[in-house]
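One structure is given here, and the rest of the page talks about it.
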Amino acid sequence: MTVSATLLTCAAVLGFVGGILIIARSLTRVLMGVIVCGNGVNLLVLAASGPAADPPLLYPEVVRTGISDPLPQAIVLTAVVITLATTAFVLAMAYRSTQLTGSDFVPDDLADRRVALRAEYTAERARLRARRREEGRQAWRDARRDLRQRLREDRAYQARSGELSDDLWDDVLGADPEEETR
């Protein structure tokens, strides 16, 4: 069985480009990444299935060793359906995000930002303790003051970005229309 190096290269490039696009913050790029990565997977499965052969019809004059395997074709068909469903889902998310925020850009989550800040703060404290032993108290105090200033700035950012109301249901799905009183 010989596999075309061009097909494998194209499959690898499509998979790589699709993966890079999927990790982007723009949902339009994520959508393009899902499509491109799905095509790369389909090419990889077809390239791995071997060379093209006769169609899988069993006529009396067809030699059974020349029949192509229908399993890779079925797997590719399943992958196409999965890619279509994932594309529809990401498209719906992008549409809803555009409706709610006017953009398909996915911002940082504040809870994730707090966890990352806490980990950074813990690592920085450990580094400051080591620095205190090496350089003395004044350098340690200066570095600690800078760390506290960064914490204050991040907390101020979190307070400014709290534009959501108390009802998360209405923020995501939209508030119910007001009923008219007669």
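Values below: all heavy atoms of this structure, side chains included; hydrogens, waters and symmetry mates excluded.
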Provide the closest heavy-atom pair for A24 versus V30 in the form atom of the first, atom of the second, distance. O-CG2, 3.6 Å
Let me confirm one number: the CG-OG1 distance from L14 to T9, rounded to the nearest 0.5 Å. 11.0 Å
Donor-acceptor pairs under 3.5 Å, side chain of residues 36-44 to any protein atom, not counting sequence neighbours: which ones?
residue, atom, partner, partner atom, Å
N39, ND2, I35, O, 3.4
N42, ND2, G38, O, 3.3

d(L31 CG, T87 OG1) to nearest 0.5 Å is 6.0 Å
Output, in order, the C-alpha distance, side-chain angles, deciding distance and verdict of side-chain contact (heavy atoms from CB on, under 4.5 Å) for L46 and L7. CA-CA 9 Å; L46 285 178; L7 262 174; over 6 Å; no
Do V17 and M32 share a hydrophobic cluster (ILVMFWY, side-chain heavy atoms under 4.5 Å, transitive)? yes
List in chain and number order the residues that pass side chain to side chain donor-acceptor pair (under 3.5 Å) with T101, two or more places apart in sequence or in another chain; answer none if no residue qualifies. none
So which of L71, T78, V76 actually passes side-chain contact (heavy atoms from CB on, under 4.5 Å) with V45? V76
Sub-3.5 Å donor-acceptor pair from the side chain of T28 to the main-chain atoms of A94, do we have one? no
Counterpart residues, side chain to side chain donor-acceptor pair (under 3.5 Å), relative to R25 (two or more places apart): D108
Without hydrogens or angle criteria, can the side chains of T98 and D104 be said to hold a donor-acceptor pair below 3.5 Å? no
Give the minimum heavy-atom separation between V34 and V90, together with the two atoms involved. CG2-CG2, 4.5 Å
Within a strict 4.5 Å, meaning less than it, do heavy atoms of the M93 and R96 side chains meet? no
Find the distance between CZ (F105) and CG (L27) and round it off to the nearest 0.5 Å. 10.0 Å
Between S103 and S97 the two heavy atoms that sit nearest each other are O-OG, 3.0 Å
Distance, nearest 0.5 Å, that separates CG of L91 from OG1 of T86: 12.0 Å
